[in-house]
> 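If you scroll down you'll find the structure; I have some questions about it.
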Amino acid sequence: MLAITIKDVLEAQERISRVVKRTPLLRSSTFSEWSGFEVFLKAENLQKTGSFKFRGASNKVMSLSPEEGRKGVVTGSSGNHGQAVACVAARFGYGATVVMPEGGSPAKAASIKGYDANLIYCGTTSQERLAFAEKLRKDRGAVFIHPYDDPLVMAGQGTAGLEIIEDLEDASVVLAPTGGCGLISGIAVAVKEKKPGIKVFGVEPAGSNSTGLSYRNGRRTALDKIETVADGIRTTIPGELTFPLVQKYVDGMIEVTDGEILYAQRMLLERCKLLAEPTGAVALAAILSGALARFTKGGKVVALLSGGNVAMPQLAEYLLRTGQNA
Ligand SMILES: *Cc1c(COP(=O)(O)O)cnc(C)c1O
């Protein structure tokens, strides 16, 4: 049994459309000229809280009964998912607790606190954080919101896919980054069930390629080492619920290097005036690097820009790093 169907994605769209931004699909003539594709960018970096994670978190939170909501929500992710959960919980007046690693980024802590969530520091590994979140769930009855392995979260992310095909019926390819695979699984269900002719590819850094590895092996396979600048997708293994959908619907997995990711990030800023975090530029990197051209040629290609949350001093460093090849 697969975790979600197109019906779940359509229901999610109905449920969250009044809180989620309909982000623009922007055509880039520069990237089209450079690549030989007609390139479109789904600007989820402009989504509320700065990433598509707001879609899944909203769908989960808006599915709770008032009784459940009163007991609050909890998550173990301090990044984009934590911000999204904190923001949507605040909007509905539900308490949110985000369990962060000790020594976690002060910028992320500040942004989560800005949404009035409780911050708890616990351990350094995701296992320690998840164990703590689980304890809160047991003690207080709080609802745990997983960053990807939850059908409501996956269906929420899939609404970005529905918008893409509404705006560009004759797309030939949709590209999205993969971490735990909540995003790609939701998008693939939406796109393939509505428009089976459109190809869906996942993109990941060569130094964090657990989805591609699992895809080729035909079973979930863990990495024991991860090395990439794309900090939103340092995932050692794809999700239990998400991966079967990747196997069923995704047409292929593409790898890009950190250099290609930072170059794409820089070009987004320089040419399109769009700010992406490195992870947010991964899908575009597959186009600009020539990697996609090894799978398919020509046609209308959509790269999903998944997020734009990056601290300014960090951004300055990234830009300096790519200064030589620009
Ligand atoms: C979470 C995240 C991803 C990966 O999403 P998954 O559902 O874990 O595959 C990609 N980009 C950004 C910016 C993210 O925050």
Side-chain angles (χ1 to χ4, degrees), residues 3-4 9 23 41-57 59-60 75-87 105 108 111-112 126 145-161 174-190 200-205 208-212 214-215 220 226 228-243 245-246 249-250 253-254 256 261 264-265 268 274-286 303-311 314:
I4 61 167
V9 186
T23 54
L41 307 166
K42 176 63 170 168
E44 283 294 298
N45 56 324
L46 305 179
Q47 184 54 262
K48 271 184 206 157
T49 73
S51 84
F52 74 86
K53 292 274 194 338
F54 189 70
R55 294 176 183 271
N59 194 39
K60 178 75 179 184
T75 184
S77 151
S78 58
N80 289 336
H81 176 66
Q83 291 182 39
V85 166
C87 177
S105 139
K108 285 178 177 168
S111 123
I112 287 167
S126 66
I145 306 187
H146 196 281
Y148 49 84
D149 240 354
D150 180 311
L152 287 161
V153 170
M154 295 156 66
Q157 321 303 33
T159 60
V174 175
L175 297 162
T178 63
C181 294
L183 175 64
I184 193 94
S185 60
I187 286 191
V189 168
V200 175
F201 290 101
V203 189
E204 62 190 353
S208 180
N209 61 354
S210 63
T211 307
S214 302
Y215 188 82
R220 293 168 66 236
I226 288 185
T228 177
V229 69
D231 57 359
I233 45 179
R234 286 184 188 139
T235 321
T236 52
I237 189 164
E240 233 174 280
L241 299 183
T242 58
F243 186 64
L245 290 155
V246 173
Y249 290 109
V250 172
M253 287 297 308
I254 299 177
V256 292
I261 293 168
Q265 180 194 31
L268 278 168
L274 287 170
L275 174 60
E277 62 192 273
T279 312
V282 163
L284 176 65
L304 188 137
L305 309 180
S306 55
N309 291 323
V310 53
Q314 185 83 67

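Whatever order the structure lists ligands and atoms in, that order sets their numbers, starting from 1.
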> Counting only nitrogen or oxygen atoms and a 3.5 angstrom limit, does Thr178 reach ligand 1?
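Thr178 vs ligand 1: no N/O contact under 3.5 Å.
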> So, does His81 use its side chain to make a donor-acceptor pair with the main chain of Ile145 at under 3.5 Å?
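Such a contact is found between His81 side chain and Ile145 backbone.
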> Backbone, side chain, both or neither: what part of Ser306 comes under 4.0 angstrom of ligand 1, heavy atoms only?
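Answer for Ser306: both.
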> For ligand 1, which atoms sit closer than 4.0 Å to a heavy atom of Glu277?
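Counting from 1, the qualifying ligand atoms are 13 (C).
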> Does Gly232 reach ligand 1 with a nitrogen or oxygen that is under 3.5 Å from one of the ligand's nitrogen or oxygen atoms?
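Such a contact does not occur with ligand 1.
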> Suppose I only count heavy atoms of Gly182 and a 4.0 Å limit; which atoms of ligand 1 are within that range?
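Within the 4.0 Å cut-off of Gly182, ligand 1 contributes 6 (P), 7 (O), 9 (O).
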> Between the main-chain N or O of Gly158 and the side-chain N or O of Arg55, is there a donor-acceptor pair closer than 3.5 Å?
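Not confirmed, Arg55 side chain does not pair with Gly158 backbone.
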> Which atoms of ligand 1 are found less than 4.0 Å from any heavy atom of Gly307?
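Selected atoms, number and element: 13 (C).
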> Around atom CD of Glu240, are there more than 12 heavy atoms of other residues, nucleotides or ligands at under 6.0 Å?
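It does not: Glu240 CD has 12 such atoms or fewer within range.
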> Does Lys53 approach ligand 1 within less than 4.0 angstrom via side chain, backbone, both or neither, non-hydrogen atoms only?
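For Lys53, only side-chain atoms sit under 4.0 Å from ligand 1.
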> Nearest protein heavy atom to atom 5 (O) of ligand 1, by residue and atom, and its distance?
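Answer, as residue, atom name and distance: Phe52 CZ, 3.4 Å.
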> Using the side chain to side chain contact (heavy atoms under 4.5 Å, CB included) rule, pick out the option among Val189, Val203, Val246 that qualifies with Ile184.
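Going through Val189, Val203, Val246 one by one, the side chain to side chain contact (heavy atoms under 4.5 Å, CB included) with Ile184 is satisfied by Val246 alone.
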> Verify whether one side chain among Thr23 and Gln47 offers a donor that lies under 3.5 Å from an acceptor in the other.
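No, no side-chain donor-acceptor contact under 3.5 Å.
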> Given Val282, which of Ile261, Leu304, Thr178 fulfils the side chain to side chain contact (heavy atoms under 4.5 Å, CB included) condition?
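The passing option is Ile261.
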> Suppose I only count heavy atoms of Ile233 and a 4.0 Å limit; which atoms of ligand 1 are within that range?
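Once the distances to Ile233 are compared, the set is 3 (C), 4 (C), 10 (C).
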> Before signing off on this row, confirm whether Gly179 and ligand 1 have an N or O atom pair separated by under 3.5 Å.
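Such a contact does occur with ligand 1.
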> Does any part of the side chain of Asp149, heavy atoms only, come nearer than 4.5 Å to the side chain of Thr242, both counted from C-beta?
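Touching, per the 4.5 Å side-chain cut-off.
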> Can you list the ligand 1 atoms lying under 4.0 Å from a non-hydrogen atom of Cys181?
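Near Cys181, the atoms of ligand 1 are 6 (P), 7 (O), 8 (O), 9 (O).
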> Is it the case that ligand 1 has an N or O less than 3.5 angstrom from some N or O of Pro177?
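No.
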> Looking at every heavy atom in both Ala230 and Thr279, which two are closest together, and how far apart are they?
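Reported closest heavy-atom pair: C-OG1, 3.3 Å.
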> Flag Thr279 as yes when one of its N or O atoms lies below 3.5 Å from any N or O atom of ligand 1, and as no otherwise.
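No, Thr279 has no N/O under 3.5 Å of an N/O on ligand 1.
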> At less than 4.0 angstrom from any non-hydrogen atom of Asn80, what atoms of ligand 1 do you find?
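Those atoms are 13 (C), 14 (C), 15 (O).
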> Heavy-atom distances under 4.0 Å decide this one: backbone, side chain, both or neither, for Gln157 against ligand 1?
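Answer for Gln157: neither.
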> Do you know which of Asn80, Thr75, Ile112 makes side chain to side chain contact (heavy atoms under 4.5 Å, CB included) with Val85?
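Only one option passes, and that is Thr75.
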> Relative to the heavy atoms of Gly180, which atoms of ligand 1 are at a distance of less than 4.0 Å?
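Ligand 1 atoms under the 4.0 Å threshold to Gly180: 6 (P), 8 (O), 9 (O).
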> Do you know the tightest heavy-atom contact between Ala188 and Val250?
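Distance-wise, the nearest heavy atoms are CB-CG2, 4.1 Å.
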